[in-house]
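Since the structure comes first, as structure tokens, the remarks are kept for the end.
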Amino acid sequence: MAEDGRACYVYGVVTDDRPDESVKDLPAVGDPEAPVTLVRQGGQAAVVSEVPVDKPLGTPEDLRTHARVLDHLAAQGSPVLPFRFGTVVRDTAAVADELLAEGHDAFARGLDRLRGRTQLTVRARYDEDAVLREVVTEQPEARRLRDELRGLPEDAGYEQRIELGQLVMDSIAAKRSVDALELDRRLAPYALGSVSEEPASPEGLINASFLVEDAKRQAFEEAAEELAAHWHGRVRMRLLGPLAPYDFVADATLEGDAALEGKEGDE
């Protein structure tokens, strides 16, 4: 039970077969000295630590710590249902009697569906110089505008600069669509589902997350390595994982046998 002025921060839910040692010495959100512990109820366990109620959460270190705890649990091989950052409950009694008791059936579905599965995330971005060379090579109009602007002072050729910038943006957007499909074509066959989003930076290609069975993880990683080699010098790829299944937990807890299938091919 949390002390006065303290509350329970909840990282997620795991199966009750996790030993207490599995969370020992993990960092804690909001209070680095607080131990991370398990609150058990009905065959499930919530991963929690105490936080001071008078200290706002949300620093970059808090966010990193939240992910670090969940990804550590995911790497151990047993299923984990990650909660959103910032989930705080009154005390351990409320965690057991309210959170775990009321959410038991949904948590059971999610833990069962995610057993033996983890999230692997691919972050891909263009090499800026390489993609600009492609645009100039493929677009005669871009070459013409570049040649017109060469040698002009910064305050000259305003309209040409605007036109060239728009042409480059449109060309990269077209490339992004094609390359995102290529990434999905190569990696999706090894995954149960995927979600993706366009990154915010102009040179970003895609951020894509895949739900991968443990038995297919090596094949997925090899396919990602082959794609990275194919794009070498043009696209920089990072493969992150195994991660907690952040992008798939909501569908995993839904009722219905096909709850996770809707993720495949989305976006």
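On a predicted model such as this, the values are computed, not experimentally measured, just so you know.
Separation of the F210 and F220 ring centroids falls under the 6.0 Å cut-off.
No side-chain N or O of T87 forms a donor-acceptor pair with one of Y11 less than 3.5 Å apart. Side-chain contact, D179 with Y126: a donor N or O sits under 3.5 Å from an acceptor N or O. A donor and an acceptor atom, one from each side chain of D62 and T59, are located under 3.5 Å apart. No side-chain donor-acceptor contact under 3.5 Å links S78 and T15. Side-chain contact, Q76 with H72: a donor N or O sits under 3.5 Å from an acceptor N or O.
Considering only heavy atoms from C-beta on, V69 comes within 4.5 Å of V47 through its side chain. Looking at heavy atoms from C-beta onward, D184 lies out of side-chain contact with L181 at the 4.5 angstrom threshold. Residues V122 and I206 are not in side-chain contact: their nearest non-hydrogen atoms beyond the backbone lie 4.5 Å or more apart. Between Q44 and L111, the closest side-chain pair of non-hydrogen atoms falls below 4.5 Å. No side-chain heavy atom of E138 sits less than 4.5 Å from a side-chain heavy atom of S171. Side-chain contact between V88 and V10: absent, with no pair of heavy atoms (C-beta onward) separated by less than 4.5 Å. Contact of the S209 side chain with the S196 side chain is not registered, since no non-hydrogen atoms from C-beta on lie closer than 4.5 Å. No side-chain heavy atom of F248 sits under 4.5 Å from any side-chain heavy atom of T118.
L38 and L70 fall within the same hydrophobic cluster, where Ile, Leu, Val, Met, Phe, Trp and Tyr residues are linked whenever their side-chain heavy atoms come under 4.5 Å apart, directly or through other members. In terms of hydrophobic clustering, with Ile, Leu, Val, Met, Phe, Trp and Tyr side chains grouped at heavy-atom distances under 4.5 Å, L114 and V13 are assigned to a common cluster. There is a path of hydrophobic side-chain contacts, each under 4.5 Å, that joins L63 to L240. A chain of hydrophobic side-chain contacts below 4.5 Å, direct or via other Ile, Leu, Val, Met, Phe, Trp or Tyr residues, connects V39 to F83. L205 and V135 end up in the same hydrophobic cluster when Ile, Leu, Val, Met, Phe, Trp and Tyr side chains are linked at under 4.5 Å.
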Take R123 and M237 through the test side-chain contact (heavy atoms from CB on, under 4.5 Å) and record every step on the way to the result.
CA-CA 6 Å; R123 294 179 180 172; M237 283 178 53; over 6 Å; no
Test salt bridge (charged side-chain N to carboxylate O under 4.0 Å, His left out) applied to D127 and R236, step by step:
CA-CA 7 Å; D127 180 285; R236 299 173 183 175; 3.1 Å; yes
Could you walk me through whether R217 and E213 pass the salt bridge (charged side-chain N to carboxylate O under 4.0 Å, His left out) check?
CA-CA 6 Å; R217 181 178 162 191; E213 292 178 297; over 6 Å; no
Would D31 and Y9 count as a side-chain contact (heavy atoms from CB on, under 4.5 Å) if you check the C-alpha gap in whole Å, the side-chain angles of each, and the deciding distance to 0.1 Å?
CA-CA 10 Å; D31 180 1; Y9 185 91; over 6 Å; no
Apply salt bridge (charged side-chain N to carboxylate O under 4.0 Å, His left out) to residues R68 and E61 and explain how you reach the verdict.
CA-CA 10 Å; R68 196 175 299 135; E61 183 58 28; 3.6 Å; yes
Test W231 against R234 for side-chain contact (heavy atoms from CB on, under 4.5 Å), laying out the working first.
CA-CA 5 Å; W231 278 341; R234 179 176 181 265; 3.5 Å; yes
What's the verdict on side-chain contact (heavy atoms from CB on, under 4.5 Å) for N207 and E197, showing C-alpha distance, side-chain angles and the deciding distance?
CA-CA 5 Å; N207 293 333; E197 61 180 12; 3.9 Å; yes
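For R84, the CZ atom sits in a loose shell: 12 or fewer heavy atoms of surrounding residues, nucleotides or ligands are nearer than 6.0 Å. For Y190, the OH atom sits in a loose shell: 12 or fewer heavy atoms of surrounding residues, nucleotides or ligands are nearer than 6.0 Å.
In this structure, A224 and L239 approach most closely via the heavy-atom pair CB-CD2, 4.3 Å. Shown here for V53 and R6, the closest heavy-atom pair between the two residues is CG1-C, 3.7 Å. In plain terms, the two heavy atoms of A46 and L100 that are nearest each other are N-CD1, 3.9 Å. When all heavy atoms of A208 and L183 are compared, the pair lying nearest together is CB-CD2, 4.1 Å. Between G30 and P52 the shortest heavy-atom distance is O-CD, 4.2 Å. Minimum interatomic distance between A94 and V89 (heavy atoms only, all atoms of both residues): CB-CG1, 3.4 Å.
Atom CG of residue D71 and atom NE2 of residue H66 lie 9.0 Å apart, to the nearest 0.5 angstrom. Here the OG atom belonging to S194 is positioned 12.0 Å from the CG atom belonging to L120, to the nearest 0.5 angstrom. Q41 contributes atom CD, which lies 11.5 Å from atom CD of E98 (distance to the nearest 0.5 angstrom). Atom CZ of R176 sits about 11.5 Å away from atom CZ of R125, to the nearest 0.5 Å. T37 OG1 to L26 CG: the interatomic distance, rounded to the nearest 0.5 Å, is 11.0 Å. Taking CZ from R113 and CG from L81, the interatomic distance works out to 11.0 Å, rounded to the nearest 0.5 Å.
Panel note: side chain Q119, backbone D247; a donor-acceptor pair is recorded below 3.5 Å. With hydrogens and angles ignored, the 3.5 Å screen pairs a side-chain donor or acceptor of R18 with a backbone N or O of L73. Looking only at distances, a side-chain donor or acceptor of T137 sits under 3.5 Å from a matching main-chain atom of R133.
Taking 4.0 Å as the cut-off between side-chain N and carboxylate O, D16 and R40 count as a salt-bridged pair. Using a cutoff of 4.0 Å between basic side-chain nitrogens and carboxylate oxygens, R185 and E182 are scored as salt-bridged.
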